[in-house]
Amino acid sequence: MAVDPQSIEELVAANRILADQGVLDGYGHVSVRQAGDAQRYLLARSRAPELVTTDDVLEFDLDSNPLEGGREQRLYLERFIHGEIYRARPDVGAVVHHHSPSVIPFAASTISLRALYHMSAFLGEGVPVFEIRQAGGMTDMLVRTPELARALARVVGTHGAALMRGHGAVVTGTSLPHAVGRAIYMELNARLQAQAIALGGDVTYLAGEEARQAEATIGSFERAWELWKRRVAAR
């Protein structure tokens, strides 16, 4: 099946948006499931997200093997994250893996990352933490094998995101705008939560029912996606 050119262009935009919003820097990556073929996904070759172009986008199977000439390219070592999450979660249409500095402390602390305001409602009452030592012992912290990626996918479970201790996070969504929006507001929530904790006293988080209602109202961030795309296109 031919790859939809619009899907490629949207993936390029997603890379640039996440870089523009400070979620990705020279590292991290975002993928989208292939339209019309749930056993394939699109991901760029190993390149800084802000520099990704349509020529960099490759097609992969769920074993994270590149198709159509991609074997000659340098690939992301952690591409297995995407394949194994798509395999485990038929409902997921896009995946973001980022190293946002604001989320790192919450993976190393006993304080859970929780929804503090309505735009990050998908975080709910807590985000699970992937402890790579439990899955692979002493490692370089990278999810560089299918086995480690499957362990990470199990921790993600039905959640919208999971933290990765000493590393970053993985975020899922039903679409690129959904996953990108979640990643952006996850980063912002982490900053706000740290600020609220630093003020001292008790912090009031969204209750479970508040989070569910807020998430349903926000939807897939389509309005923000339009703005983010226009902003990076103007550069």
| said: What I'd like to find out is whether the side chain of Arg235 reaches to under 4.5 Å of the side chain of Glu50, using heavy atoms alone. | reply: yes
| When clusters are formed by joining ILVMFWY residues with side-chain heavy atoms under 4.5 Å apart, either directly or through shared neighbours, do Tyr27 and Phe80 land in the same one? | no
| query | Is a side-chain N or O of Gln195 found less than 3.5 angstrom from the main chain of Leu192, in a donor-acceptor match? | reply | no
| said: Measuring from atom OG of Ser7 to atom CD of Glu59, what distance do you get when rounded to the nearest 0.5 angstrom? | reply: 10.5 Å
| query | Same hydrophobic cluster for Leu51 and Ile8, using side-chain heavy-atom links shorter than 4.5 Å among ILVMFWY? | reply | no
| Does Pro128 reach the side chain of Val155, with side-chain heavy atoms less than 4.5 Å apart? | yes
| message | Measuring only between side-chain heavy atoms, which start at C-beta, is Pro49 closer than 4.5 Å to His29? | response | no
| Checking Asn189 side chain against Arg114 main chain: does a donor-acceptor pair fall under 3.5 Å? | yes
| said: So if I apply the side chain to side chain contact (heavy atoms under 4.5 Å, CB included) rule between Ile81 and each of Val96, Leu152, Leu43, which one comes out positive? | reply: Leu152
| Within one Ile-Leu-Val-Met-Phe-Trp-Tyr cluster: Phe130 and Met141, side-chain cutoff 4.5 Å | yes
| message | Are Val103 and Leu206 connected into the same hydrophobic cluster when the rule is that any two of I, L, V, M, F, W, Y join if their side-chain heavy atoms are below 4.5 Å apart? | response | no
| query | Is there a donor-acceptor pair closer than 3.5 Å between any side-chain N or O of Thr139 and the backbone N or O of Gly136? | reply | no
| So do Met164 and Ile132 actually touch side chain to side chain, heavy atoms under 4.5 Å? | no
| query | Atom CZ in Arg45, atom CG in Leu58: separation rounded to 0.5 Å? | reply | 8.5 Å
| query | Should we say atom CD of Gln6 is surrounded by more than 12 heavy atoms from elsewhere, each under 6.0 Å from it? | reply | no
| said: According to side chain to side chain contact (heavy atoms under 4.5 Å, CB included), who are the partners of Leu142, at least two apart in sequence or on a separate chain? | reply: Leu77, Glu78, Asp140, Arg144, His167
| Step by step, would you call Tyr185 with Phe221 a ring-ring contact (aromatic ring centres under 6.0 Å, His included)? | CA-CA 10 Å; Tyr185 286 110; Phe221 305 102; 5.5 Å; yes
| task | Spell out, as yes or no, whether a donor-acceptor pair under 3.5 Å connects the side chain of Arg87 to the backbone of Leu62. | result | yes
| query | Under the side chain to side chain contact (heavy atoms under 4.5 Å, CB included) criterion, do Arg33 and Val95 qualify, and how do the steps go? | reply | CA-CA 9 Å; Arg33 199 189 290 266; Val95 175; over 6 Å; no
| note | For Arg16, the side chain to side chain contact (heavy atoms under 4.5 Å, CB included) test, sequence neighbours excluded, returns Val12, Thr53, Val232
| Distance-minimising heavy-atom pair for Leu123 and Ala115 | CB-N, 3.8 Å
| field | Cationic N near anionic O, under 4.0 Å, Glu215 to Arg182 | value | yes
| said: Any non-hydrogen side-chain atom of Leu188 less than 4.5 Å from a side-chain atom of Met119? | reply: no
| If you take all heavy atoms of Arg165 and Ala107, which pair is closest and at what distance? | CG-O, 3.2 Å
| said: Is it the case that over 12 heavy atoms from other parts of the model lie below 6.0 angstrom from the CD atom of Glu226? | reply: no
| request: Among Leu18, Asp25, Val23, find the residue that satisfies the side chain to side chain contact (heavy atoms under 4.5 Å, CB included) test when tested with His98. | output: Val23
| task | Take Gln21 and Arg231 through the test side chain to side chain contact (heavy atoms under 4.5 Å, CB included) and record every step on the way to the result. | result | CA-CA 10 Å; Gln21 293 292 317; Arg231 182 174 294 167; 3.4 Å; yes
| field | Over all atoms of both residues, closest heavy-atom pair of Leu148 and Ala135 | value | CD2-CB, 3.9 Å
| message | Working to the nearest 0.5 angstrom, can you tell me the gap between Arg40 CZ and Asp61 CG? | response | 5.5 Å
| query | What distance separates Tyr76 OH from Ser64 OG, expressed to the nearest 0.5 Å? | reply | 13.5 Å
| message | How close do Gln193 and Ser112 get, counting heavy atoms only, and between which atoms? | response | NE2-O, 2.8 Å
| said: Please determine whether the number of non-hydrogen atoms from other residues, nucleotides or ligands lying under 6.0 Å from atom CZ of Arg223 exceeds 12. | reply: no
| query | Atom CD1 in Ile184, atom CH2 in Trp228: separation rounded to 0.5 Å? | reply | 3.5 Å
| said: When you compare the side chains of His97 and His82, does any donor N or O come within less than 3.5 Å of an acceptor on the partner? | reply: no
| query | If we ignore angles and hydrogens, is there a donor and acceptor under 3.5 Å between the side chains of Tyr86 and Gln39? | reply | no
| Just how far is it from atom CG of Leu113 to atom CG of Leu163, taken to the nearest 0.5 Å? | 5.5 Å
| said: Pair Val32, Tyr41 - check side chain to side chain contact (heavy atoms under 4.5 Å, CB included), show working. | reply: CA-CA 6 Å; Val32 63; Tyr41 69 91; over 6 Å; no
| Any luck finding a side-chain donor-acceptor pair between Ser220 and His178 under 3.5 Å? | no
| said: Testing the basics here: between Val127 and Ala161, what is the closest heavy-atom pair and its distance to 0.1 Å? | reply: CG1-O, 3.5 Å
| Could you walk me through whether Phe60 and Leu42 pass the side chain to side chain contact (heavy atoms under 4.5 Å, CB included) check? | CA-CA 6 Å; Phe60 294 81; Leu42 304 180; over 6 Å; no
| Looking only at heavy atoms, what is the nearest atom pair of Ala196 and Leu116, with distance? | CB-CD2, 4.3 Å
